[in-house]
Amino acid sequence: MPNSTQPAPLIIVGSGLAAYTLVREWRKQDPDTPLTLITADDGAGYSKPMLSNALGKGQSPDDLIQMPVDKVAEQYRARILTHTRVTHIDPTTQTLQLDKGEALSWGRLVLAVGAEPIQAPLEGDAVDRVMSINNRLDFQAFYERLSDRKKVVIMGAGLIGCEYANDLASAGYQVELVAPSESLLTGLVPEQVGQALKAELEALGVRFHLGPLVSRVDRGEADSLTVSLTNGQQLKADVVLSAVGLRAKVDLARAAGLEVNRAIKVDKYLQTSNPNIYALGDCAEVEGLVLQFVMPLMNAARSLAKTLAGERTPVHWPAMPITVKTPACPVIAYPPRGDGAWQIDGEGANLAAVCRQGDAVIGFALSGDRIKERNTWLKAVPPLLAT
Ligand SMILES: Cc1cc2nc3c(=O)[nH]c(=O)nc-3n(C[C@H](O)[C@H](O)[C@H](O)COP(=O)(O)OP(=O)(O)OC[C@H]3O[C@@H](n4cnc5c(N)ncnc54)[C@H](O)[C@@H]3O)c2cc1C
């Protein structure tokens, strides 16, 4: 190839699982096109789901690094700008602006910027001490904060809150979990399954406050915190962990004039409303679906790699159940889309809940030893996104 026709670089914003899976898959097909990654964090390759299982396994934040950033750069022949934030994207000139002042030109751009934790509206003089964990560096800060502190209050009874409750309790911490819902994993599983998980976490020592919200976090005696609930109760804590949900990062895309809904809107080819800009992972809404889990983004990365290499390939999402990493009571769920009737079989922690619309199975939730039925029910449910 003559020098003058050196292809314009592909730029990927992000260094999470979406970015790194895409890089790996794309480099298999295109070893030559210049590639730049820009990331606000340290660029170390790690698997985010391991953040909520690490304490129980005695792993430190460093133990979770699967590939240091210089190895990623070498292996995939990529230039990786770490601790660098993209502040603006200009689709007309095909440039982007970095917080450090530099501007870069791209041929095609991929946004893999993820999601950010929702901040609950709290009062009190220790709101700045409320932590959330959405990347390895957050986990490091949490880990350091824990040191020999013992009492953790968790806000939120979704997947992340429940996984941390289990992990912290099994690592010997005293855990209290506050959430406004009546049960756990609301939206993912029917109430009985949530109650089964609750009972097993209680047996592990987790104390639940379901119904109220946290309203204030104030400095208490010495280094401790006082957590006030809307029902008037007060809890003592050494550390407060907020896990009340994630919101796709859409600001860059919106400011660049791209179509945004709950996340950055893309079609089946992961293409945004600008034909040279793509998005995948937690920041993307694919044909109306925002699936902030690993399997969908890996699948999306494989098809986008082909599309970027010249073989236009739509995303096909089969049924992908969600595994909740709560060893006290493992849960696997494929939440139904649309209304159906749940039928629940089993007892204690071992439940199989199946949701039907007429005769068709449209979702399921399994807990305890019934998770072994995963493949049976997986065969029965419809795909997430058919091609
Ligand atoms: C504790 C926890 C446990 C989880 N467990 C599971 C599980 O068991 N199974 C499962 O399927 N899913 C799980 N998930 C969800 C899963 O981890 C995510 O869906 C996935 O990691 C998202 O990857 P991503 O690459 O899209 O986003 P991220 O990993 O969030 O990556 C976003 C990247 O973009 C960068 N970035 C953002 N904005 C900018 C900017 N302006 N400039 C430069 N860089 C920027 C960030 O620095 C980061 O590198 C879990 C999530 C958490 C938090």
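Since the structure is predicted, the reported quantities are computational estimates derived from the model, not experimental observations. Counting convention: from 1, in listed order, for ligands and their atoms alike.
The shortest N or O to N or O distance between Y164 and ligand 1 is not below 3.5 Å. At a 3.5 angstrom cut-off on N or O pairs, V86 counts as close to ligand 1. Remark: ligand 1 and A18 share an N or O pair separated by less than 3.5 Å (distance only, no angle test). Not one N or O of M295 is nearer than 3.5 Å to an N or O of ligand 1, by distance alone. Ligand 1 has a nitrogen or oxygen under 3.5 angstrom from a nitrogen or oxygen of T39. Inclusion of S15 in the set of residues having an N or O under 3.5 Å from an N or O of ligand 1 is warranted. Between D41 and ligand 1, an N or O atom pair is found at a separation short of 3.5 Å.
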Given side chain to side chain donor-acceptor pair (under 3.5 Å), test K236 with T226 step by step and report yes or no. CA-CA 5 Å; K236 289 268 167 272; T226 303; 3.2 Å; yes
Pair Y164-L241, side-chain contact (heavy atoms from CB on, under 4.5 Å): steps then yes or no: CA-CA 9 Å; Y164 270 110; L241 179 62; 3.7 Å; yes
Check against side-chain contact (heavy atoms from CB on, under 4.5 Å), Y334 and I362: CA-CA 8 Å; Y334 187 68; I362 59 167; over 6 Å; no
Could you walk me through whether E191 and Q195 pass the side chain to side chain donor-acceptor pair (under 3.5 Å) check? CA-CA 6 Å; E191 167 136 18; Q195 295 296 351; 3.0 Å; yes
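With ligand atoms numbered from 1 in the order given, ligand 1 contributes 25 (O), 29 (O), 31 (O), 49 (O) to contacts under 4.0 Å with heavy atoms of G16. Within the listing of ligand 1, atoms 53 (C) sit less than 4.0 angstrom from a heavy atom of N134. Atoms of ligand 1 lying under 4.0 Å from any heavy atom of V13, numbered from 1 in the order shown and given with element: 42 (N), 43 (C), 44 (N). Atoms of ligand 1 lying under 4.0 Å from at least one heavy atom of L17, given by number and element, are 21 (O), 25 (O). Within ligand 1, the atoms closer than 4.0 Å to a non-hydrogen atom of G281 are 26 (O), numbered from 1 in the order shown. Less than 4.0 angstrom separates some heavy atom of I133 from each of these atoms of ligand 1: 53 (C). Atoms of ligand 1 lying under 4.0 Å from at least one heavy atom of G14, given by number and element, are 33 (C), 34 (O), 35 (C), 49 (O). Every atom of ligand 1 is numbered from 1 in the order shown, and the set under 4.0 Å from a heavy atom of I38 is 43 (C), 44 (N).
In this structure, T92 contributes its side chain and D90 its backbone to no donor-acceptor pair below 3.5 Å.
Scanning the protein heavy atoms around atom 27 (O) of ligand 1, the nearest turns out to be G114 CA, 3.4 Å. Annotation: atom 26 (O) of ligand 1 to nearest protein heavy atom, D282 N, 2.9 Å. The protein heavy-atom contact nearest to atom 10 (C) of ligand 1 is V294 N, 3.5 Å. The protein heavy-atom contact nearest to atom 5 (N) of ligand 1 is K325 NZ, 2.9 Å. Given atom 37 (C) of ligand 1, the protein heavy atom at minimum distance is V113 O, 3.3 Å.
Remark: R24 is not positioned above the aromatic ring of Y76, lacking an NZ or CZ atom under 6.0 angstrom from the ring centre and at most 45 degrees off the axis.
Of the heavy atoms in T84, only backbone atoms (N, CA, C, O) come closer than 4.0 Å to ligand 1. With a 4.0 Å cut-off on non-hydrogen atoms, A112 touches ligand 1 through its backbone and not its side chain. Counting heavy atoms under 4.0 Å from ligand 1, residue I160 touches it through the side chain alone. At a heavy-atom cutoff of 4.0 Å, ligand 1 is contacted by no atom of V324, backbone or side chain.
Salt-bridge annotation for D62 and R136: present, with a side-chain N of the basic residue lying under 4.0 Å from a carboxylate O of the acidic one. Under the 4.0 Å criterion applied to side-chain N and carboxylate O atoms, K325 and D167 are not assigned as salt-bridge partners. At a threshold of 4.0 Å, the pair D282-R247 does not count as salt-bridged, since none of the basic side-chain nitrogens sits closer than that to a carboxylate oxygen.
Note on L159: it clusters hydrophobically with V175, by side-chain heavy-atom contacts below 4.5 Å among ILVMFWY residues. Linking Ile, Leu, Val, Met, Phe, Trp and Tyr residues whenever their side-chain heavy atoms come within less than 4.5 Å places L235 and M155 in a single cluster.
Between Y269 and L304 there is no side-chain heavy-atom pair separated by less than 4.5 Å.
With no hydrogens or angles considered, a side-chain donor-acceptor pair links E163 and S52 at under 3.5 Å.
Within a 6.0 Å radius of CD in Q66, more than 12 heavy atoms belonging to other residues, nucleotides or ligands are found. For D339, the CG atom sits in a loose shell: 12 or fewer heavy atoms of surrounding residues, nucleotides or ligands are nearer than 6.0 Å.
Checking K48, Q292, M50 against atom 28 (P) of ligand 1, the nearest heavy atom belongs to K48.
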